[in-house]
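The next block holds one structure in the form of structure tokens; read it before the comments.
Worth knowing before you read on, the calculation uses all heavy atoms, side chains too, and leaves out hydrogens, waters and symmetry mates. Within every chain, numbering begins at 1; the chains are lettered A, B, ... in the order of the sequence lines, protein sequences first and strands thereafter.
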There are 2 protein chains.
Amino acid sequence: MSMPESALEPALRPQRDAQRTRAAILAAAQDAFSIRGYSDTGVREITAAAGVNPALVSRYFGSKEKLYEAALSDLLRAGIITELPKENFGVAVVDLLTASQGPQRNPLPMMMLASADPTARAISDRLLKELFVEPLARWYGPERGAGKAACFSALASGLTLYRELYPLGAFGAEMSAETRKWLAAAFQALID
Amino acid sequence: MSMPESALEPALRPQRDAQRTRAAILAAAQDAFSIRGYSDTGVREITAAAGVNPALVSRYFGSKEKLYEAALSDLLRAGIITELPKENFGVAVVDLLTASQGPQRNPLPMMMLASADPTARAISDRLLKELFVEPLARWYGPERGAGKAACFSALASGLTLYRELYPLGAFGAEMSAETRKWLAAAFQALID
DNA sequence: ATGCTATGTAAACCGCCGTTTACTTAGAGG
DNA sequence: CCTCTAAGTAAACGGCGGTTTACATAGCAT
């Protein structure tokens with residue numbers, strides 16, 4: 001709690017900084033879980049990418065499961081969607097979902113690749129509901145808001161799967177123009 | 001190679017039948033891999049479901065990887081699609097893809113849930129290409145057949161994900177009617 | 001009946017993984 | 001300078017999972 005540590009002078013930064021290492025582990029976990037899935041990424045792999053000792057995930061997060069929960073919570077923010085403009089909402093959503101360069105730190109691939117493990121899946125379901133679907137439903141409004149939020153999630157996950165996960169992603173350019181238009185219209189229709 | 005073993009008289013069937021046990025392991029593997037994924041299903045789990053000894057997967061398939069390859073190969077048959085009538089092709093495909101009661105023995109969830117493991121993913125990519133996309137492309141014809149086959153695969157996988165894997169599947173009834181119509185039209189458009 | 005081979009089993013092997021424990025050390029406060 | 005606590009590390013522990021090995025037995029052939 002001494003020195004604001006302006007984050008612009010790496011030379012003076014102490015070698016040991018709990019917040020910084022915790023954040024490094026979290027970021028490495030988000031990368032790994034989004035690409036290689038929950039079961040197939042080991043804590044040694046994550047901590048090696050973060051440049052720290054494997055024992056620190058137990059110290060800072062309690063367990064691998066808790067680390068997954070923290071990593072997904074940090075990524076699941078409904079605000080990214082609800083802060084989009086309501087006019088041209090559809091194209092904005094499609095742009096947002098197709099803008100990312102890859103699955104890195106993307107909650108959707110992370111959840112998909114964790115769905116095989118029962119405990120990780122339970123965490124995903126709970127967090128998705130609490131942090132995304134329910135806020136989104138409130139944003140949509142009391143009239144059919146829950147159904148609209150569910151439709152949004154299904155559509156977005158399908159689009160993400162198609163772009164990021166499926167081995168045929170390289171062929172994606174084939175259907176871009178018309179499909180993007182249809183998707184944008186579908187997203188727009190949910191708020192009209 | 002003695003006795004045709006008409007499969008209708010279980011009383012006379014020998015207790016030891018290599019083909020039968022091999023098939024039982026394969027079927028159990030297809031069930032397990034489709035639901036719990038490649039990494040999260042153990043060979044002890046598979047062989048327990050098949051009622052046999054874990055060592056038999058090494059004997060009959062060589063390894064867990066080879067078992068995955070055999071399980072997926074057995075499910076990946078382009079014929080299921082190419083034998084559909086060309087008129088009403090779209091609705092027939094949507095009916096086929098949405099008819100299954102669950103992910104059991106479905107190649108798409110199997111591939112999705114195996115995509116985290118690099119070696120399993122390589123197997124999936126190769127088999128999908130050899131056994132499905134390329135035959136489908138030949139069926140579509142020389143003119144843009146490859147692109148059409150890729151579009152088909154992407155669309156079908158997205159639909160399957162939406163129905164089977166995503167935690168929001170329970171909400172699916174919300175968008176059935178219009179979405180099915182659009183999907184059918186999209187599949188139909190690929191052959192017209 | 002009697003061996004012989006294919007079939008199946010039990011148990012151990014070996015490596016990996018999440019976690020814990022015991023220990024070292026950086027760095028602030030006296 | 002010394003001390004004391006927080007931060008980090010190394011190594012081991014227990015368990016699990018794929019695979020191998022050594023052994024048992026069913027069923028056909030002689």
Side-chain angles (χ1 to χ4, degrees), chain A residues 1-5 9-26 28-29 32-33 36-71 114 116-120 123, chain B residues 1-5 9-26 28-29 32-33 36-71 114 116-120 123:
Chain A
M1 187 78 69
S2 63
M3 281 211 235
E5 176 82 33
E9 319 162 75
L12 325 171
R13 110 171 44 136
Q15 301 177 11
R16 295 186 171 184
D17 184 333
Q19 293 185 21
R20 194 175 297 272
T21 44
R22 205 195 111 105
I25 294 172
L26 193 72
F33 286 151
R36 307 197 12 80
Y38 176 77
S39 304
D40 286 328
T41 58
V43 308
R44 285 171 176 82
E45 185 179 348
I46 294 171
T47 52
V52 297
N53 189 277
L56 293 187
V57 1
S58 287
R59 179 193 293 281
Y60 286 120
F61 297 93
S63 67
K64 187 190 175 189
E65 284 181 20
K66 300 283 190 63
L67 173 58
Y68 175 75
E69 180 171 354
D117 184 273
T119 60
I123 293 170
Chain B
M1 188 78 70
S2 65
M3 278 212 235
E5 176 82 34
E9 319 164 72
L12 327 170
R13 114 173 39 139
Q15 300 176 14
R16 296 187 172 184
D17 184 333
Q19 295 185 21
R20 191 174 300 271
T21 46
R22 206 195 110 105
I25 294 172
L26 193 72
F33 287 151
R36 309 198 10 82
Y38 176 77
S39 304
D40 286 327
T41 58
V43 307
R44 285 172 175 83
E45 186 180 346
I46 294 170
T47 53
V52 298
N53 189 277
L56 293 186
V57 3
S58 287
R59 180 193 295 279
Y60 286 119
F61 297 92
S63 67
K64 188 189 175 188
E65 283 181 21
K66 301 283 190 63
L67 173 58
Y68 175 75
E69 179 170 355
D117 185 273
T119 59
I123 293 170

Using side-chain contact (heavy atoms from CB on, under 4.5 Å), reason through Leu26(A) and Leu67(A) one step at a time and then give a plain yes or no.
CA-CA 7 Å; Leu26(A) 193 72; Leu67(A) 173 58; 4.2 Å; yes
N or O in side chain of [X] less than 4.0 angstrom from [N] OP1/OP2:
X: Ser63(A); N: dG18(C); answer: no
X: Thr21(A); N: dG8(D); answer: yes
X: Tyr60(A); N: dG8(D); answer: yes

Evaluate the criterion side-chain contact (heavy atoms from CB on, under 4.5 Å) for residue pair Phe61(B) and Arg22(B); output intermediate values, then yes/no.
CA-CA 8 Å; Phe61(B) 297 92; Arg22(B) 206 195 110 105; 3.5 Å; yes
So for the helix from dA1(C)-dT30(D) to dG30(C)-dC1(D), with five pairs setting each end axis, what is the inter-axis angle to 10°?
10°
Residues that [X] engages under side chain to side chain contact (heavy atoms under 4.5 Å, CB included), provided they are two or more places apart:
X: Ala28(A); answer: Ile46(A), Ala49(A), Ala50(A)
X: Ser63(A); answer: Glu65(A), Lys66(A)
X: Ala120(A); answer: Tyr38(A), Tyr68(A), Ala114(A), Asp117(A)

Provide the full list of side chain to side chain donor-acceptor pair (under 3.5 Å) pairs with a residue in residues 39-52 of chain A, sequence neighbours left out, each pair given once.
Arg36(A)-Glu45(A), Ser39(A)-Asp40(B), Asp40(A)-Ser39(B)
Can you check side-chain contact (heavy atoms from CB on, under 4.5 Å) on Phe33(B) and Lys64(B), steps first, answer last?
CA-CA 11 Å; Phe33(B) 287 151; Lys64(B) 188 189 175 188; 4.2 Å; yes
What is the distance from [atom1] of [X] to [atom2] of [N], rounded to the nearest Å?
X: Leu67(A); N: dC17(C); atom1: CG; atom2: C1'; value: 14 Å
X: Arg20(B); N: dA26(D); atom1: CZ; atom2: C1'; value: 16 Å
X: Asp17(B); N: dT25(D); atom1: CG; atom2: C1'; value: 16 Å
X: Lys66(A); N: dT20(C); atom1: NZ; atom2: C1'; value: 16 Å
X: Ile46(A); N: dG18(C); atom1: CD1; atom2: P; value: 8 Å
X: Lys64(B); N: dC16(D); atom1: NZ; atom2: P; value: 16 Å
X: Arg22(A); N: dG8(D); atom1: CZ; atom2: C1'; value: 17 Å
X: Phe61(B); N: dG8(C); atom1: CZ; atom2: P; value: 12 Å

Any N/O pairs under 3.5 Å between the protein and nucleotides 9-15 of chain C? List them or say none.
unit_1  : atom_1 : unit_2   : atom_2 : d
dT9(C)  : OP2    : Asn53(B) : N      : 2.9
dA10(C) : N7     : Asn53(B) : ND2    : 3.3

Under 4.0 Å between any heavy atoms, over every strand shown, what does Ser39(A) touch: base, sugar-phosphate, or nothing? Just pick one.
nothing
Closest approach to the side chain of Val43(A), judged atom by atom: which nucleotide of dA7(D), dG18(C), dG18(D) is it?
dG18(C)
For Leu56(B), is there any backbone N or O sitting under 3.5 Å from a side-chain donor or acceptor partner on Asn53(B)?
no
Taking the nucleotide of DNA chain D with the nearest heavy atom to each, does Arg16(B) or Ser58(B) sit closer to the 5' end?
Ser58(B)
